[in-house]
Structure formats: C-alpha cells, structure tokens
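See below for the structure under consideration.
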Amino acid sequence: MGVLSRMSYVVRSKVNAVLNRAEDPTETLDYSYEQMRDELQDVKQGIADLTTQKKRLEIQKRRLEENVEKHNDQARQAVKQDREDLARQALEKKKQKMNQIEDLESQIAQLQNTQDNLVEKKNELQNRIEEFRTKKESMKARYEAAEANSRVSEAMTGVGDEMQDVGMAIERAEEKTEDMEARAEAMDELQDTGAFEDALSDKSSLDRELEEMRTSGEVDSELETLKADMGIEDEPEEEPASTSSDGDEIDLSDIEAEVAAEESESESESDAESETEQNNS
C-alpha cells in the first residue's frame, strides 16, 4: 500500500469515526423517512405528469375522430354532387386521420400501462413507507429508553462525564476545606503559644526574658507580702486546715484537688489537640 493510499485510508477512517460519534440514530431514522416520503412524492408527481400526457393524447384523438366524421360527411356530399374528386380527397384525409388515431391509441395504451405500473409501485412504496414509519417510531422509542437507562446508570455509578466533574469538584472542595481547617487549627495553636504576640512585638528575646523574670519576681514579692499579712511563715508546720483573716477555715486539700483537676483538664486538651493534628495530617 502506497503512502497516498494509506493517507487516504487513515483520513476516511478518522472521518468515519467522527461521523459515528456525531450520528444520532433518531435523526438518521427521521431523515430516512423524509427521503422516502420525498421519493413517494416524486412518484406521485410522475404519475400526474403521465396522466396529463395521456389526457392530451385522448383529447387529440377525439379531435381526429371528429375530423374523421367531418371528412366522411364531406365525401358523402361530394358523391351526391357527382364530385368524385372532392370525395376522394375527403376520404384520403379521413384515412390520414384514422392512421393518426391508431398511432394515438397505441401511445395512449402505452401510457396507460406505464401509469398502471407507476400506480402499483406507488402503492407498494407507500406501504413500505408506512411499515418503515412504524419501525422507525419503535426504534426511536427503544433508543431513547436505552439512552435514558444509560444516563441513569452512569449517574448512579458515577462514571459519566458530568458525574466525574461533580466528583472532582467534591474532592477539590474537601481538600480546600481540610486545608482551611488545618490552617485555622495552626493559627489557634500559634495564638495559644504566643507566637503571634512575639511576632507582632518589637521587643527582643532578651527583653522578653527580662520582662518574664521581672514579672515572676513581682509575683514572688506579692506572694511574700500576702503571707506576711496572713501571718504565715516560710516553713509552716503541716496542719489539716488553716484559718483566714476573716475567721473562715480553708481546706488545703480542696485547693490541691482543684489544682490537680485543672492540670488534668489542661493535659486532656493538649492530648486532644495532638490527636486532631495527627488525624488532619
């Protein structure tokens, strides 16, 4: 196979594949039905034209028959008047007209046979068109039902083009949502650790450390003052309970229990945040 032949074959195959994808069976059936109806209309038009020609020949035949009668009368009148020459002329014209009538009758008979054949073919074609119309409607109904069933199956299984687009959109939305959730949790964690405050502050790390030490010293000093006001020494003897300045007894075990509960709650929150970060990652 030469290069040109191969190119021609490839082009035809590509065109055929494109046409197959673009072809709609319902439209093809409707077009074929319309073509058959056009052919039937052409046959009817041919029958009408043929009948018109036959009618013209019949009219011409009637006129010739009238002329035959006329020449026959002329011949009789000429014989009565002893004009054999005129009678002969009239009979010769009569004979010519009769020959023409025979030719017309032959043509009319041929046209009649052709008309009968066309009418028979027209009836046969019309019956075929009606059968094709019934089959066409049945095929269209089957195709539309199959197409609808295919669309429903694709939608249910998610293999259709539109459902694939929907699935991809859902995946992208989930990814973006997870990214936003992770970002929000990261912002909360940074805010809890004070990273944002440090980043927004113009103090150096040394300044912040000195400030923390000064704050801690102030707290210790205030605590010593509070102990002095309450008459508590630095190394008090262990007692089950103590009395406040207002005379109310303070249960140290309750305070320790509350502190332990707060520490346990803080550890639980920290563990929950760690588990959430691991799940998101």
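Because the structure is predicted, anything quoted here is derived from the model rather than measured.
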- [ ] Report the hydrophobic cluster partners of V79, with the cluster defined as I, L, V, M, F, W, Y residues connected by side-chain heavy atoms closer than 4.5 angstrom, directly or transitively.
- [x] none

Task: salt bridge (charged side-chain N to carboxylate O under 4.0 Å, His left out) contacts in which one or both residues fall within residues 100-120, not counting sequence neighbours - done: K61-E105

Open item on the list: Give me the atom names and distance for the closest heavy-atom approach of E39 to L125.
Closed with: C-CD2, 4.1 Å

Open item on the list: Is it the case that atom CE in M36 sees more than 12 heavy atoms from other parts of the structure closer than 6.0 Å?
Closed with: yes

Task: Within 6.0 Å of NZ in K122, more than 12 heavy atoms from elsewhere - done: yes

Show me the donor-acceptor pairs within less than 3.5 Å that the side chains of residues 42-57 make with the rest of the protein, sequence neighbours left out.
from: Q45; atom 1: NE2; to: D49; atom 2: OD1; distance (Å): 3.2
from: T51; atom 1: OG1; to: I47; atom 2: O; distance (Å): 2.7
from: T51; atom 1: OG1; to: Q115; atom 2: NE2; distance (Å): 3.3
from: T52; atom 1: OG1; to: A48; atom 2: O; distance (Å): 2.8
from: Q53; atom 1: OE1; to: R56; atom 2: NH1; distance (Å): 3.1
from: K54; atom 1: NZ; to: Q112; atom 2: OE1; distance (Å): 2.4
from: K54; atom 1: NZ; to: Q115; atom 2: OE1; distance (Å): 3.1

TODO: Output every pair passing salt bridge (charged side-chain N to carboxylate O under 4.0 Å, His left out) with a member in residues 74-91, not counting sequence neighbours, ordered by first then second residue.
DONE: R83-D85

- [ ] Rounded to the nearest 0.5 Å, what's the gap from CG on N72 to CE on M98? Could you check?
- [x] 9.0 Å

TODO: Measure the CZ-CG distance between R183 and D179 for me, rounded to the nearest 0.5 Å.
DONE: 10.0 Å

Open item on the list: Quick check on the hydrophobic clustering: are L91 and I101 connected, directly or via other members, by side-chain heavy-atom contacts under 4.5 Å?
Closed with: no

Task: Those residues that, when tested against Y33, pass side-chain contact (heavy atoms from CB on, under 4.5 Å) (two or more places apart) - done: R37, I129, F132, R133, K136

Open item on the list: The criterion is side-chain contact (heavy atoms from CB on, under 4.5 Å); which residues satisfy it with E66, sequence neighbours excluded?
Closed with: none

- [ ] For the pair N127 (side chain) and N123 (backbone), establish whether a donor and an acceptor sit closer than 3.5 Å, ignoring hydrogens and angles.
- [x] yes

Open item on the list: Can you list everything that forms a side-chain hydrogen bond (donor to acceptor under 3.5 Å, both in side chains) with K140? Sequence neighbours excluded, please.
Closed with: D30

- [ ] List for me each residue that meets side-chain contact (heavy atoms from CB on, under 4.5 Å) alongside Q35, sequence neighbours excluded, and say none if there are none.
- [x] Y31, D38

Open item on the list: Grouping I, L, V, M, F, W and Y whenever their side-chain heavy atoms are under 4.5 Å apart, do V68 and L86 come out in a common cluster?
Closed with: no

- [ ] Considering non-hydrogen atoms only, spot the tightest contact between A75 and A90 and give its length.
- [x] N-CB, 3.7 Å

Task: Between NZ on residue K121 and CZ on residue R128, distance to nearest 0.5 Å - done: 12.0 Å

Task: Beyond-backbone contact of K93 with N67, side-chain heavy atoms, under 4.5 angstrom - done: no

Task: Close side-chain approach of T134 to E130, heavy-atom, < 4.5 Å - done: no

- [ ] Supply the atom-to-atom distance R63 CZ to K97 NZ, rounded to the nearest 0.5 angstrom.
- [x] 13.0 Å

Task: Minimum-distance pair of heavy atoms, taken over all atoms of A87 and A78 - done: N-CB, 3.4 Å

